[in-house]
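Data first, discussion second: the structure below is written as structure tokens.
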Amino acid sequence: MSRRRWLLPAILMMILVPTLSALIFSGFGLYQQQRAMAGMASRYAQSLARSIVREESGASNESPLQRHRRMGLFLKMLTLGPPVPGWIATVGPGGIKLQGSPGSKITPELGLAVNRAFASGEMQLLSVQIDPHPPSAAAVYPYPDGVRAVVVVISKFLVPGPMRDLVFLQQFMTIGVSAIALIGIWLLWRWCVTPLRRLAAQVETLHWGRDVLLAETAPPLPELQNMQEALSELSASAVDRETLKKNYVGDIVRTQEEERTRLAREIHDSPLQTVASLIQRIQLAQRGLGRPEIDRERVGGHLAAAQEAALTAVQEMRDVCDRLSPPWLSLGAVRALEEISNRLSRIHNVAVTAAVEGCADALSEKDVLALCRIVQEAVANSARHGHAASVEVKLACGDGYRLTIADDGSGIDREFDPEVLRVQGHRGIASMTERATLIGASFSICRRPEGGTLIAVDIPAGR
């Protein structure tokens, strides 16, 4: 897990390193290009100034034709300028311009360089910025006569304008794209990776089923916010399910204890008392038989009472067994619903009627038992909570089966969520829902328009 944790930062570094390298090398290449062009411009200005002075001075043995050609070339350069961007001028002491190509201008800075050249007799090199010309390299070279000097100013951008613009555009685009990529990586780290890692750390330290994920701040990205909300809902659902599980186990234990208590009470109140009476009658009969003079009539009365008590005990025990495991389930859904309706009518003092439409022979004993338990719980709720006077139970058979239980009680005032009810401790509706689920049926409960409650259990065909 720790290795995978660094996978996303490693991927970002794989993107960051080439992007940052492209930005650094593009910037360094642009800087080196500027330096190289400035050096080339300076060397060209030096070479051109030296050549002009040397060529114009000429040799002592040159012919007039040679001097004419040389002077014609020099005058052409003074008229049209050098073959590269820049200008040429001849100046006197103090920087006074004598001749110059178009755009030539002697600035105070050049004038000081001219004076230094006259004073030292050596070439002076400097960088100048003369509007509207771009940054340029200047060379001031004095003539041997000491009264003139040539000034050559060459633009540091030696390449033609379109090519120069293309080179600069390429460099600046590379730098711009790299800068945008770096900003994007930083935003990705801040808005995506950091919140995602923080969320992952919270999930790792979360005790599922006990803690609920509560985020301190909402992530900037909606996708991360949706993920955080989903994890929060999952953690809350895990807590609810854990609570439901604990309550469910508690319900099972409580139900078992209640059932044991009820059985003990029923056995103690009815069969046990009857058996005790039976034993007492038998003892009285034995005493009568042990006397010297046997009162046969009295002994017969005790034996008759004992026989009646035995028959009563058998019937009471049979009733207890019937309630635990109804024997009439094997007789089919029709008889089962009739029997359970009659019993519930006597127990709850409610008029319970049962009707079956169609053939219900295909229902198994498991299905019939589940339906009877649902009817039993529904009638108990109608009598206990709805204060109903009558309950109508109907089983419709056709394409599937539909059991409806309708009462005329006070009805319900809201929709029920079985899991929420079980968490809150209300087991009746949750138990009916579970019974329906066990046989593959759907369960619904609602308020009747005319008043009362309607419960529907639908068993689909071909489960």
Between [Y] and [X], is there a side-chain heavy-atom distance shorter than 4.5 Å?
| X | Y | answer |
| --- | --- | --- |
| Leu363 | Leu395 | yes |
| Met227 | Leu199 | yes |
| Ile459 | Arg402 | no |
| Ile154 | Val84 | yes |
| Arg343 | Val352 | no |
| Leu48 | Pro82 | yes |
| Phe118 | Val140 | no |
| Ser235 | Val239 | no |

Main-chain N/O of [Y] paired with [X] side-chain donor or acceptor, under 3.5 Å:
| X | Y | result |
| --- | --- | --- |
| Thr205 | Gln202 | yes |
| Ser21 | Val17 | yes |
| Thr90 | Gln99 | yes |
| Thr404 | Ala456 | no |

What are the two closest heavy atoms between [X] and [Y], and how far apart are they?
| X | Y | result |
| --- | --- | --- |
| Glu109 | Val128 | OE1-CG1, 4.0 Å |
| Pro142 | Glu122 | CD-O, 3.7 Å |
| Val457 | Ala441 | CG1-CB, 3.8 Å |
| Val356 | Cys397 | CG1-SG, 4.3 Å |
| Arg190 | Thr194 | O-CB, 3.9 Å |
| Gly111 | Ile106 | N-CG2, 4.1 Å |

About how many Å separate [atom2] of [Y] and [atom1] of [X], when rounded to the nearest 0.5 Å?
| X | Y | atom1 | atom2 | result |
| --- | --- | --- | --- | --- |
| Leu234 | Glu229 | CG | CD | 12.0 Å |
| Ser155 | Tyr44 | OG | OH | 12.5 Å |
| Leu188 | Ile185 | CG | CD1 | 8.0 Å |
| Ile429 | Ile374 | CD1 | CD1 | 12.5 Å |
| Thr433 | Arg435 | OG1 | CZ | 12.0 Å |
| Leu231 | Leu206 | CG | CG | 9.0 Å |

Go through the steps for Arg335 and Glu339 under the test salt bridge (charged side-chain N to carboxylate O under 4.0 Å, His left out), then give the verdict. CA-CA 6 Å; Arg335 182 67 182 276; Glu339 288 291 337; 3.2 Å; yes
Among side-chain atoms of [X] and [Y], is any donor-acceptor pair under 3.5 angstrom?
| X | Y | result |
| --- | --- | --- |
| Ser232 | Gln228 | no |
| Ser104 | Lys97 | yes |
| Gln46 | Arg43 | no |
| Ser237 | Asp240 | no |

Kindly write out the residues that satisfy side-chain hydrogen bond (donor to acceptor under 3.5 Å, both in side chains) with Ser390, not counting sequence neighbours, or none if the list is empty.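 Here the qualifying residues are Asp408.
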Kindly write out the residues that satisfy side-chain hydrogen bond (donor to acceptor under 3.5 Å, both in side chains) with Arg50, not counting sequence neighbours, or none if the list is empty.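 Partners of Arg50 under the side-chain hydrogen bond (donor to acceptor under 3.5 Å, both in side chains) test: none.
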For [X], what residues pass the salt bridge (Lys or Arg N to Asp or Glu O under 4.0 Å) criterion, not counting sequence neighbours?
| X | value |
| --- | --- |
| Glu357 | Lys394 |
| Asp211 | none |
| Glu223 | none |

Using the side chain to side chain contact (heavy atoms under 4.5 Å, CB included) rule, take Ile96 and Val91 through it: C-alpha gap first, then chi angles, then the decisive distance, then the call. CA-CA 5 Å; Ile96 300 174; Val91 297; 5.9 Å; no
More than 12 heavy atoms from other groups under 6.0 Å of CZ on Arg35: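 No.
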Under the side chain to side chain contact (heavy atoms under 4.5 Å, CB included) criterion, do Leu344 and Val350 qualify, and how do the steps go? CA-CA 7 Å; Leu344 292 174; Val350 176; over 6 Å; no
In chain order, what residues pass the side-chain contact (heavy atoms from CB on, under 4.5 Å) check against Thr453, with sequence neighbours excluded?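 Residues passing side-chain contact (heavy atoms from CB on, under 4.5 Å) with Thr453: Asp407, Ile412, Ile445, Ile455.
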Full working for side chain to side chain contact (heavy atoms under 4.5 Å, CB included) between Arg148 and Asp145: CA-CA 7 Å; Arg148 290 182 307 157; Asp145 55 12; 3.5 Å; yes
Leu403 vs Val375, side chain to side chain contact (heavy atoms under 4.5 Å, CB included): CA-CA, chis, key distance, verdict: CA-CA 9 Å; Leu403 173 69; Val375 171; 3.9 Å; yes
